[in-house]
Amino acid sequence: MMIKSIKDTLRLNNEVEMPRHGFGVYLIKKEDEARAAVAKAVASGYQAFDTAQFYDNEALIGKLLKESGLPRSHFFITTKVDNPKQGYERTLIAVEQSLKDLQVEQLDLLLVHWPSKKHFFATWKALEKLYDEKLVRAIGVSNFEIHHLEKLSTRANVKPAVDQLEIHPYFQQRALQNYLNEHQIAVEAWSPLGRGAVLGDAVIGKIAEKYGKSPAQVVIRWHLQSGRLVIPKSATPSRIAQNVDIYDFSLADDEMARIDRLDRPDGRNGPVPDEVYEQI
Ligand code: A2P
């Protein structure tokens, strides 16, 4: 696969072109910090920004993207329906607010943040309506496992374009990734650096040293060369620039395989989707 620049896109199953390498803004909430981070991200070439209603920063991110002076068409904006907003009516109302807060007429990608047993089909119906009305260019899910996707397929009119999942070298979810690949649902990695946990890994450190790159840069390359969408988060301007400086080297097949072998049964950092599913 050719990985050339931050402008590389992946064609989703509805033909929408999505930048492969986006910027995550989870926990970037303080205005000064957000202003510096978004300015650096935009200057570094990031066009895709991944937020969520839960992050409580949509209005701030919307304002900062507007302040960049770049046209709406320059950006690819993702947000997610928060757990308490699930259900048909609540989702429609919440997304209307997201559009206002982000100061856009249309979202590029809207995801269901977590699977909910109670609101499972109602929330998806709301996303389908928003998609039909062209208020969102693509719809998808996050933290859905195979059985959630199978259940969704029994009543969905629109197939999810994306499943955004916790994926990093210590938690790779291979069976789920294979399922998504077979079903033409794009795999997007959240917490792609394992919240920093994988950056001290000896195998990754050795590969990084060989290329004169940092462990974070090697891990971002590994995601992209594996065909995934990836959204590293950093609030630190120097790291934001570093995380896009990954287009001048390439991991060899055996190095990809060595990172693939770092998968661990207990590597998950975030919530267990089925526990959330039962609760919301
Ligand atoms: P910070 O935001 O303080 O720069 P993940 O995306 O896996 O959740 O990881 C995010 C964490 O990784 C954040 O704590 C972020 O710190 C840190 N991080 C992001 N980029 C780098 C980098 N290039 N080097 C080291 N740590 C990084």
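This chain uses plain numbering: 1 for the first residue, then up along the sequence. In this text the structure is predicted, and so the values were computed from the model without any measurement. As the structure lists them, so they are numbered: ligands from 1, and atoms in each ligand from 1.
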If we count only N and O atoms by modelled type, under 3.5 Å, do the side chains of [X] and [Y] hold a donor and an acceptor together?
X	Y	answer
Y88	H119	no
H147	Y277	no
Y55	K80	yes
S98	E58	yes
N14	Y131	yes

Proximal candidate to atom 8 (O) of ligand 1 [heavy atom criterion; set S191, A37, G270]: S191

Among R195, K233, E33, R239, closest by heavy atom to atom 26 (N) of ligand 1 is R239

Counting each atom of ligand 1 from 1 as listed, which ones have a heavy atom of T236 under 4.0 Å away?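 So the atoms of ligand 1 that pass are 1 (P), 3 (O), 4 (O).
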
Any atoms of ligand 1 less than 4.0 Å from a non-hydrogen atom of A216? List them with their elements. 22 (C), 23 (N), 24 (N)

Looking only at protein heavy atoms, what sits closest to atom 20 (N) of ligand 1 is N243 ND2, 3.0 Å

Calculate, to the nearest 0.5 Å, the distance between atoms CG and OG belonging to D260 and S226 respectively. 6.0 Å

Heavy atom under 4.0 Å from ligand 1: found in L199's side chain, backbone, both, or neither? side chain

Where's the contact between S234 and ligand 1, heavy-atom distance under 4.0 Å: side chain, backbone, both or neither? both

So for ligand 1, is [X] a polar contact partner (N or O within less than 3.5 Å, distance only)?
X	answer
A235	yes
L193	yes
S214	no

Determine, using heavy atoms of G194 and all atoms of ligand 1, whether some pair is separated by less than 4.0 Å.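 Contact present.
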
Is P192 in contact with ligand 1, taking contact as a heavy-atom separation below 4.0 Å? yes

Surrounding CD of E133 (heavy atoms of other residues, nucleotides or ligands, distance under 6.0 Å), is the total greater than 12? yes

Geometric cation-pi criterion R228 and W222, 6.0 Å radius, 45° cone: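 Yes.
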
